[in-house]
Amino acid sequence: LRGQVQEILEKKPTEFYLSTGRIIDHYNNARQTAECSKLDKRHEEDVILVSAEDAGQFDPELRYVMKSDYGESKPLRIKISKTLKKGTLFTTFHHSKSHINFLFGDECDNFVMTARFKSVKVRIEPSQG
């Protein structure tokens, strides 16, 4: 065991590991996403998926902000997921207004110079607004 897996299994982390992805195949371009009625009908806003084991730490009536060493998201709703492991969060990045990409900074892979993999440690707290 090493890295993220070791930390989750052996410690009680004060931060979560956030992974991101898409719920439907879609172009990686805000202009195209903003005008996609199929996406808006299925997924009108990004939400934070939380494991069932971590659900007790969150009030489903509140919105939460995720913060990393690079930036922070806008306030998002929480949704409980039975498929996530304890200590992990998941969100999509379909809507640019959520500022999900702000959490990842501008680091890139040293060999191929692509953006870093979409997984980062985050702190999560209730929105103050």
Practice prompt. List in chain and number order the residues that pass side-chain hydrogen bond (donor to acceptor under 3.5 Å, both in side chains) with S51, two or more places apart in sequence or in another chain; answer none if no residue qualifies.
Written response: D54

Worksheet entry | side-chain contact (heavy atoms from CB on, under 4.5 Å) partners for S98, two or more places apart | D46, L76, H95, I100

Practice prompt. For a side-chain contact (heavy atoms from CB on, under 4.5 Å) with F90, tell me which candidate from V50, T83, L49 qualifies.
Written response: L49

Worksheet item: Residues two or more places apart in sequence or in another chain: which of them pass ring-ring contact (aromatic ring centres under 6.0 Å, His included) with F102?
Response: H99

Discussion item. With clusters defined by side-chain heavy atoms of hydrophobic residues (ILVMFWY) lying less than 4.5 Å apart, directly or transitively, does V65 cluster with I124?
Written reply: no

Practice prompt. Could you check D69 against R123 for side-chain contact (heavy atoms from CB on, under 4.5 Å), going step by step and ending with a plain yes or no?
Written response: CA-CA 9 Å; D69 291 342; R123 298 167 302 284; 3.8 Å; yes

Fill in: Partners meeting side-chain contact (heavy atoms from CB on, under 4.5 Å) with R63 (sequence neighbours left out)
E45, P75, R77, S127

Worksheet item: Below 4.5 Å, heavy atoms only, C-beta onward: do Y64 and D59 meet side chain to side chain?
Response: yes

Fill in: Check: L103 and M66 side chains under 4.5 Å, non-hydrogen atoms
yes

Item to complete: Evaluate the side-chain proximity of L62 to P126: yes if any heavy-atom separation is below 4.5 Å, no if none is.
Response: yes

Discussion item. Distance check, rounded to the nearest 0.5 Å: L84 atom CG versus F16 atom CZ?
Written reply: 11.0 Å

Worksheet, complete the sentence: Sorted by chain and residue number, the side-chain hydrogen bond (donor to acceptor under 3.5 Å, both in side chains) partners of K67 (sequence neighbours excluded) come out as E125

Item to complete: With side-chain contact (heavy atoms from CB on, under 4.5 Å) as the test, would you mind laying out the steps for L18 and T91 before giving the verdict?
Response: CA-CA 8 Å; L18 170 71; T91 190; 3.8 Å; yes

Worksheet item: Passes side-chain contact (heavy atoms from CB on, under 4.5 Å), Y70 versus V120? Steps please.
Response: CA-CA 10 Å; Y70 307 100; V120 68; 4.3 Å; yes

